[in-house]
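Following: one structure in structure tokens, then a few remarks.
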Amino acid sequence: MSTKPSIPKGTRDFSPSEVVKRNYIIDVIQRDFGRFGFQPIETPSFENSETLMGKYGEEGDRLIFKILNSGDYLRKADTDALKAQDSAALTGQISEKALRYDLTVPFARYVVQHQNEITFPFKRYQIQPVWRADRPQKGRFREFYQCDADVVGSRSLWQEVEFVQLYDSVFTHLNLRNTVIKMNNRKLLSGIAEVIGAEDKLIDFTVALDKLDKIGEEKVKTEMREKGISEAAIAKLEPLFHITGTVSEKIKTLRELLATSETGLQGIDEMEFIVETIAELELKSATLEIDVTLARGLNYYTGAIFEVSAPEEVKMGSIGGGGRYDDLTGIFGLKDISGVGISFGLDRIYLVMEELGLFPKTVLEGTRALFVNFGEAEARYAMRAVSALRDEGISVDLYPDPVKMGKQMSYADKRDIPYVVLTGVSEMESGTYTLKNMKSGEQQQVDIDQLVRSLK
RNA sequence: GUGGUUGUAGCUCAGCUGGUUAGAGCGCUGGAUUGUGGUUCCAGAGGUCGCCGGUUCGAACCCGGUCUUCCACCCCA
């Protein structure tokens, strides 16, 4: 006996009903991407290591899946690094390729490489899997899909406004109500760091702040102290911990806090424009909120930062995120191209929709009718009707083998096929078909036209 | 990468402080029923108890390692 087959940790097989539901979500997202003027591209599943390494911070590098070189890679490796068991030094020598970690960096590479064919501003969308060598847990996989839409080549804040609308539109079409789009701004965070005199600790400070709703005010302060942020600086942050009220009240508080920081004030102006414009245009089902503790993807975001939370009743991390990155293409040698984009986490949206029972029943409808196979002559007769029905766009099947009828019936039953068509000698003689409704058990003899009409 | 958790039939799970031949429900196969499924009845097949090693007269059960599951941290969709 061979050993039990298995798949790698954090990966999944998708069975028919799952694929159908995933395709439904992709379909909705894709349609909205198109409506908002985005064009599709695809990039390879693996890139040259140097394209990816160093773009996501130290933590990110660790989570990138490296691909071993072909051939006798150890012979070509540096013997000193090998002997010293220096993994970091050795990795660069035995691995030149890596699986993509997200869609944004490969997109930046694409833009630089194809800059002469691209007309700016360029709006593209991309729906492909990405890989992370992370430990799996709820809603976290090592292979998962991202659905990204980005615009490069425009600094206009109208892009941010449109992305908020795009989120709202997709979640409305998925019937996923009460999502919360949280927005922050890197400039505002820089401003705060500036005001409290901790510019050099921006990342540490924001990472700690990000945990506010999870671990609470005291623990956040403790973490900040551990990272070397002064007591005086933490005292100045006090208003941030208790920022409440309407969006305009929050903006007012922030404006006071950041009065001496030009960058910070600019961040507030940007947020205010987006918030006011959205308020005027109105969202259909989502809510836009300002959240100064939001600090994801800080390694490349420079302006707006977005994150979408699932409806509160579902315990799930974010189902989408994004932001503006002013110089992502700079690292690949193309300066002064501003980009902004958002991502939908397909796998998590799926889990949320499943938990809330939001998939429409029609999505799961498969084969409409099964023709019972009574033998060769009968199958030939049945097959003519099968072809006619398929030409009409109706999904039907002929059971391939002339086995016992009970077996064929139970096959239809298990596959949830709603109708069975019987074509035996008596039907052949009269040129009819016996149509059986599997739910009610009723059956009637019909001609081909009636058959088509009944199954449509 | 750190800490915890899980693994017994295709699936969901029992299995006492270590004791002879490891059980149930569901599913599967055949029959009751050779032109009628979903209900019922009868019979049957299916397990090196995740894997490797150790302790013991004896291990599904105890110990170590490893893989896997799920959860938390780091980080993140």
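Since the model is a prediction, treat every value here as computed from it, not as a measurement. Per chain, numbering begins at 1; letters A, B, ... match sequence-line order.
As rounded to whole Å, 6 Å separates atom P of B/U36 from atom CE of A/Met405.
A/Leu422 comes within 4.0 angstrom of a base, heavy atoms only. Counting non-hydrogen atoms under 4.0 angstrom, A/Val425 reaches a base of the nucleic acid.
At a cut-off of 3.5 angstrom, the base of B/G35 holds at least one donor-acceptor pair with the side chain of A/Ser426. The base of B/G35 lies outside donor-acceptor range of the side chain of A/Glu378, with no N or O pair under 3.5 Å. No hydrogens or angles were tested; on distance alone, nothing pairs the side chain of A/Lys9 with the base of B/U68 as donor and acceptor under 3.5 Å. Counting distance only, with no hydrogens placed and no angle test, the side-chain atoms of A/Arg135 and the base atoms of B/U69 include no donor-acceptor pair under 3.5 Å.
Using N1 to N3 plus N6-O4 or O6-N4 for Watson-Crick, or N1-O2 and O6-N3 for G-U wobble, each under 3.5 Å, B/G25 pairs with B/C11.
Proximity of A/Lys407 to the phosphate of B/U36: no side-chain N or O atom is located under 4.0 Å from OP1 or OP2.
Residue A/Lys138 places its NZ atom among more than 12 non-hydrogen atoms of other residues, nucleotides or ligands, all under 6.0 Å distant.
Picking from B/C75, B/A77, B/G35 the nucleotide with the shortest atom distance to the side chain of A/Gln146 gives B/A77.
Salt bridge present: A/Glu59 and A/Arg62 bring a charged side-chain N and a carboxylate O closer than 4.0 Å.
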